[in-house]
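Predicted, not measured: the structure shown is a model, and the values here were computed from it.
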Protein chains: 2
Amino acid sequence: MTDRSAMAVETPFVAIIDDDPSIRESLASLLRSVGLAPLPFASAQEFLHHRRPDAPGCLVLDVRLPGQSGLEFQRELAGAGIHLPVVFITGHGDIPMSVTAMKAGAVEFLAKPFRDQDLIDAVHTGIERDRDRRRAMDALSDLRGRFRSLTPREREVMGLVAAGQLNKQIAAELRLSEITVKVHRASVMRKMQAKSLPDLVRIADKLAPGGDS
Amino acid sequence: MTDRSAMAVETPFVAIIDDDPSIRESLASLLRSVGLAPLPFASAQEFLHHRRPDAPGCLVLDVRLPGQSGLEFQRELAGAGIHLPVVFITGHGDIPMSVTAMKAGAVEFLAKPFRDQDLIDAVHTGIERDRDRRRAMDALSDLRGRFRSLTPREREVMGLVAAGQLNKQIAAELRLSEITVKVHRASVMRKMQAKSLPDLVRIADKLAPGGDS
DNA sequence: TGGCCTGATATACCAAGGTATAGGGTCGGC
DNA sequence: GCCGACCCTATACCTTGGTATATCAGGCCA
């Protein structure tokens, strides 16, 4: 587990991007009323310049942003590796817009006027989704860290072991003696903290998604 | 592989449910023009009573159906284990409708008037999605069939082997001699057509989704 | 009743995996 | 030049896994 797990329970945040100050404030106050921590921004740029908390969060986005559209910004975020769940709100939306947003993975698409509870529900769904994603990422980061601690040879051996090759076959493939393979293999098990071969296989598969098919 | 793989390339179908005969016919003719096989139905019931081809397909659904709404029918299909991708078309849709449909996994939600090409693209996406799903299901069916051929004891042993237990530990857990475990284990490898332990582990994990965490 | 499947067990043997100890070499940095 | 990494190998020993052959018992069904 990472250091994060040892910290106090993380407070989720809700970033709000809307160019209308009164809307920002009313959304912020609504979210505060249910115990969530709002982070209001007037533009996408402002949001990007601000350092996001290292905690589960959610983004409430007006479709019509100053400069670019919220839909474009959603794509931009995904491209930049920022995987914050997005809840769209809009005053002048249409069906194609909402479909595009949902296809791109939006949590919800709310047309004004919407019920406060609908927004709150959507935000909670988004936060929960982000929490899950972060948990998965944390676990993967751990594994990736261990994998980085392997030497190149150890990585080769790990791959072949996970592929089901016998030590003998691995030795032939890598032009090594069988004993050398055993040494590397033991290092792999120790460094990857795998308690059994099935354990190692599962770790290897998590590290190489799409390796099947 | 299943028998299906040995057959000629499967012709995808497109089921159309719309109570307006002229719309049915125009949709059907549009789809025929691009080489797809339309199956027009006037109602959800008619669709359900008809035997669907055993081939990849897609469902074009009017949101406003006689009797029930297309959205309800979409949920009903999922509940009944019919996982046909759905493309919605509608003359009187709104944003919440489209969002609900997309959340439930719809491929597309098109408001009339829409461009012919948009419908064709959506249908192709749906068919491709169904083809992938069917491929995955076929592979799983194969594995499930093999698993069914295991005796109860063999299944127990398989689970413990995949969990990383040693033969000795498995024997203790099941109150068996180690030699008996080996016999069952060998049967498992043979019946499941696993060529190595990692192979068996991956098979076991495919058969027990959600077994991790 | 006899045949078949399932399950359990044993002996014996061989192959594969794992560990410990003890070397050897290259290469890059201090 | 020494140190530390990475890499390779070997001997020796033990554990675990895999296979073959054979036996025995209960349940089920024709």
Next on the checklist: Could you tell me if R155(B) sits above the aromatic ring of F147(B), with its cationic atom closer than 6.0 Å to the ring centre and no more than 45 degrees from the axis?
Outcome noted: yes

Checklist outcome for this item: To the nearest angstrom, the CZ-C1' distance between R190(B) and dA20(D) comes to 14 Å

Checklist entry - In whole angstroms, how far is the P atom of dC14(D) from the NZ atom of K168(B)? => result 14 Å

Checklist entry - Does any residue of residues 175-183 of chain A have a heavy atom under 4.0 Å from DNA chain C, and if so, which ones, in number order? => result I179(A), K182(A)

Checklist entry - In Å, rounded to the nearest 0.5 Å, how long is the span from CD of E25(A) to CD1 of I16(A)? => result 8.5 Å

Checklist entry - Should R75(B) and E72(B) count as an ion pair when the cut-off is N to O under 4.0 Å? => result no

Checklist entry - Is there a donor-acceptor pair closer than 3.5 Å between any side-chain N or O of R185(B) and the backbone N or O of V161(B)? => result no

Item to check | Salt bridge flag under 4.0 Å for residues R202(A) and D205(A) | outcome: no

Item to check | Short side-chain to backbone donor-acceptor contact, S69(B) and L65(B), under 3.5 Å | outcome: no

Checklist entry - Does a side-chain N-to-carboxylate-O contact under 4.0 Å join D62(B) and R24(B)? => result no

Next on the checklist: Rounding to an integer number of Å, can you tell me how far I170(B) CD1 sits from dG7(C) C1'?
Outcome noted: 16 Å

Next on the checklist: If you compare every side-chain N and O of H184(B) against the phosphate oxygens of dT6(C) (OP1, OP2), does one of them come in below 4.0 Å?
Outcome noted: no

Next on the checklist: Whole angstroms only, please: what is the CG-P distance between L150(B) and dT6(C)?
Outcome noted: 11 Å

Checklist entry - When you measure from every atom of DNA chain C, which of residues 151-166 of chain B have a heavy atom less than 4.0 Å away? => result T151(B), P152(B), R153(B)

Checklist entry - Ignoring hydrogens and geometry, is there a side-chain-to-backbone donor-acceptor pair from D130(B) to G57(B) under 3.5 Å? => result yes

Item to check | Whole-Å gap separating C1' (dG18(D)) and CG (L197(B)) | outcome: 13 Å

Checklist entry - Among V87(B), T90(B), V86(B), which residue meets the side-chain contact (heavy atoms from CB on, under 4.5 Å) test with L61(B)? => result V86(B)

Checklist entry - Under the criterion side-chain contact (heavy atoms from CB on, under 4.5 Å), which of L30(A), I127(A), L119(A) is the partner of V14(A)? => result I127(A)

Next on the checklist: For nucleotides 24-30 of chain C, give me one character per nucleotide, 5' to 3': B if any protein heavy atom sits under 4.0 Å from the base, S if the only such contacts are to the sugar-phosphate, - if neither.
Outcome noted: -------

Next on the checklist: Could you tell me if the side chain of P12(A) sits less than 4.5 Å from the side chain of R131(A), heavy atoms only?
Outcome noted: yes

Item to check | dA16(C) OP1/OP2 closer than 4.0 Å to side-chain N/O of N167(A) | outcome: no

